[in-house]
Amino acid sequence: MAITDRGDIKPNETYTFKGKLVRHEGKLTLMDADITEEPPETTIAEIKHTYDFDPKQEEVAVAGRLVAWRPMGKAIFGHIQDLLGKLQIYIRKDLVGEERFKFIKEFVDLGDIVGVKGKLFRTNTGELTVEVEDLQLLSKCLHPLPEKWHGIKDVEVRYRQRYLDLIANPQARQIFLMRSRLLAEIRRFMVDSGFFEVETPILQPIASGANAKPFVTHHNYLDMDLYLRIAPELYLKRLIVGGYPKVFEIGKNFRNEGVDTTHNPEFTMMEFYAAYWDYNDLMKFTEKLFQHLIDTVLEGKSEVTFEGHRINLKPPFRVVKYFDLLKEKTGKDKDFFLRAPIEELRKFATELGVKKPEALTRAKLIDKIFEKVGEPELIQPTFVIDFPKILSPLAKEHREDPDLVERFELIIGQMEIGNAYTELNDPKEQYQRFLEQLKEKQAGDDEAMEMDTDFIRALEYGLPPTGGEGIGIDRLAMLFAGVNSIREVILFPAMRPEGGEEKK
RNA sequence: GAGCCGGUAGCUCAGUCGGUAGAGCAACGGCCUUUUAAGCCGUGGGUCCCGGGUUCGACUCCCGGCCGGCUCACCA
């Protein structure tokens, strides 16, 4: 590190960068100075683990961010941190040499990325520590770190500068590590169950497969508008037509709607489809998936706390029929909801507190009423099954009741976590359902589904009997982490830009 | 989109019933070779979110705006 000899280093000058006070002029020049000669091949967690059962492996070389610094005359204690661990380092003047020690004291700051080499030992208090033989400054941190004890609490800073959240708040690291495990275990379970992972278009000429408002973009070369997908459903079913027995896709969906504690404009969904399955198979499979996630991600603990509720995620889950739940809560039966004059239904909805029912179609009214009276009680995991057909344009008619479809939603903590059905595979029927959606659209439902004629054509080639399901990964992560905001489980949640006055 | 609440040092916060602000940590200068929220002595640091109004005087009161949080509406 010849850099210590540089004459142009002026350690006591301060300067500002974009209005923020940052560190020494001299230290800034150090910023690009060091290249790692030997990238560390180990991590802090690994070192601790190895040393535990083989204390002879005491020579280590490891790198991390300096998060504590306690200089005391001729020796310095500090802690370096990486994603998975924290390790104490001990620097003695007589060991590293006078010149080196002076350099370290002068130019190394809290927050810097450093590499250390040395021998492991235990201090008087028993803490595993590296006795530093050499310390290399690998990168400068020009800003002071957030407060060591309280971390960073301002949620706005935590979301905008997530890297600071990750450096300073161990809880944040824990949540995102859990999310990574969750995704890995879901993938493992799906692949082990015979599913093929696929990728389907995010830019779609028709945004279909769900009821939602899409984002619109434009392709210059093709000179056409495209939509960011609101769901991958219709593409995945085309793949079942094409011969895949089982497929799944994990990816972002985009819906141009509100932002709140359970909604982010882009969110992660897993959708999966299995030929020859029906919604009963899907329920069994979903329970097995949950059991796997409890065993792995939650390390066997099936109880989580969410919004003040203790929720037990252990299957089997409660099953309740859609109209049974409505009847129990309202005293009205299926025929009332599906066949009573719409004015009467609107009047009833008004009594329950549904806003502006005059603007709503029958399907929307039923949906609203269900949300008002049904969902509030659904804290423990519950499959709500046998939805009305008019709410489910892509689901197959129920084998016992033509008013219904073979569909369920998995609701946990009042959140819709999963949505699944025996897929409608009759092209003529699907065409009719799309036409009904167009009517809904004309009747004022701007989220009614779009007609997709190529999808109809695919069905004409024969979609085997198929079961399909979507699971909201972000919400699942919320449950597993026990946090009540979707922003706590999305690394970079949607935010308005900083300095809003400058826009336009 | 509506209502309520918030924005003070790099961070966590206090404060001013209207007279231009403090603490701890962090930083800077010293002392200190087993400390760990190290310790001891000393020092510096703020357009009090932005703009306008009222006032002799605004960080404080009023109005508008920006950003965020919560609740509601919409949605998964």
Side-chain angles (χ1 to χ4, degrees), chain A residues 11-14 16 19-24 67-79 86 88-96 101 109-111 121-127 129 131 141-161 164 167-169 210-213 230-231 253-269 353-356 359-360 364 367-368 371 375 409-411 414-419 445-447 470-476 478 484-487 493 495-503:
Chain A
N12 295 322
E13 260 173 52
T14 58
T16 55
K20 302 279 183 192
L21 182 71
V22 295
R23 285 184 169 139
H24 297 150
V67 293
W69 194 236
R70 296 182 290 278
M72 8 186 312
K74 300 188 183 67
I76 304 169
F77 280 97
H79 275 95
K86 212 193 242 190
Q88 182 162 260
I89 61 175
Y90 179 46
I91 306 157
R92 285 170 43 177
K93 189 175 180 179
D94 57 6
L95 199 67
V96 297
F101 193 77
D109 289 301
L110 218 43
F121 75 105
R122 289 196 187 273
T123 61
N124 292 342
T125 57
E127 180 166 355
T129 303
E131 189 166 51
C141 176
L142 297 177
H143 293 276
L145 243 35
E147 213 255 352
K148 63 184 166 192
W149 194 242
H150 299 93
I152 179 149
K153 285 193 172 161
D154 184 338
V155 290
E156 190 170 347
V157 178
R158 288 186 45 233
Y159 299 156
R160 286 193 198 282
Q161 294 177 267
L164 283 183
I167 291 168
N169 296 332
N211 302 100
K213 293 180 204 110
I230 56 176
N253 288 348
F254 306 85
R255 298 191 185 173
N256 206 339
E257 283 155 2
V259 177
D260 63 29
T261 47
T262 53
H263 298 84
N264 195 63
E266 54 181 296
F267 63 102
T268 304
M269 277 265 281
V354 174
K355 305 266 163 65
K356 288 198 283 183
L360 300 176
K364 277 270 176 191
D367 204 21
K368 286 272 162 237
E371 277 171 27
E375 275 185 13
E409 282 189 1
L410 173 58
I411 298 178
Q414 300 175 324
M415 290 191 295
E416 185 189 328
I417 299 294
N419 181 24
D445 180 359
D446 56 1
E447 285 166 0
I471 291 179
I473 301 298
D474 310 286
R475 289 179 176 182
L476 198 59
M478 286 168 69
N484 60 11
S485 171
I486 200 167
R487 297 178 198 102
M495 302 279 275
R496 285 198 169 84
E498 280 179 278
E501 282 168 290
E502 289 165 26
K503 73 181 175 189

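Values in this document were obtained by computation on a predicted structure and should not be read as measured data. Within every chain, numbering begins at 1; the chains are lettered A, B, ... in the order of the sequence lines, protein sequences first and strands thereafter.
- The base-pairing partner of rG51(B), taking Watson-Crick or G-U wobble contacts with both distances under 3.5 Å, is rC63(B).
- Contacts of D474(A) with the nucleic acid, taken as non-hydrogen atoms under 4.0 Å apart, are absent.
- Distance R158(A) CZ to rU12(B) C1': 14 Å, rounded to the nearest Å.
- In this structure, F254(A) reaches neither bases nor backbone, as no heavy-atom distance under 4.0 Å exists between it and the strands shown.
- Between K368(A) and rC74(B), a side-chain N or O to OP1/OP2 separation shorter than 4.0 Å is present.
- Each of F77(A) and I152(A) has a nearest nucleotide on RNA chain B; the 5'-most of these lies closest to I152(A).
- Counting non-hydrogen atoms under 4.0 angstrom, T129(A) reaches nothing in the nucleic acid.
- The nucleotide rC32(B) finds no pairing partner, because no Watson-Crick or G-U wobble arrangement with both distances shorter than 3.5 Å includes it.
- Contact annotation for G151(A): backbone-only contact, meaning every heavy-atom pair under 4.0 Å involves sugar-phosphate atoms and none involves a base.
- A donor-acceptor contact under 3.5 angstrom links the side-chain atoms of Q88(A) to the base of rU35(B).
- The side chain of R160(A) places an N or O atom within less than 4.0 Å of a non-bridging phosphate oxygen (OP1 or OP2) of rG68(B).
- Partners of F77(A) by ring pair (Phe, Tyr, Trp, His ring centres under 6.0 Å), not counting sequence neighbours, listed by chain and number: Y90(A).
- If you check every strand for non-hydrogen atoms under 4.0 Å, D367(A) touches nothing.
- Using a 4.0 Å heavy-atom cutoff across all strands shown, N211(A) reaches sugar-phosphate atoms only and no base atom.
- Using a 4.0 Å heavy-atom distance criterion, E127(A) is classed as a base contact.
- Nucleotide rG18(B) forms a pair with no other nucleotide shown, judged by Watson-Crick or G-U wobble geometry with both contacts under 3.5 Å.
- Using a distance-only test at 3.5 Å, with no hydrogens or angles considered, a donor-acceptor pair links the side chain of D474(A) to the main chain of T268(A).
- Of all nucleotides present, only rG3(B) satisfies the Watson-Crick or G-U wobble test against rC70(B), with each distance under 3.5 Å.
- Base contact: G258(A) has a heavy atom under 4.0 Å from a base atom.
- Residue R92(A) places none of its side-chain N or O atoms closer than 4.0 Å to OP1 or OP2 of rU35(B).
- With both pairing distances under 3.5 Å, rC11(B) is matched to rG24(B) as a Watson-Crick or G-U wobble pair.
- Contact annotation for R122(A): no contact, since no heavy-atom pair falls under 4.0 Å across all strands.
- Nucleic acid contact for M269(A): none, since no nucleic acid atom lies under 4.0 Å from a heavy atom of the residue.
- Mapping A68(A) and H150(A) onto RNA chain B by nearest heavy atom places H150(A) at the nucleotide closer to the 5' end.
- With sequence neighbours excluded, the residues forming a side-chain contact (heavy atoms from CB on, under 4.5 Å) with S485(A) are Y159(A), T261(A), R487(A), E488(A), listed by chain and number.
- E156(A) has its CD atom 16 Å from the P atom of rG6(B), to the nearest Å.
- Between rU33(B) and R70(A), no contact under 4.0 Å exists linking OP1 or OP2 to a side-chain N or O.
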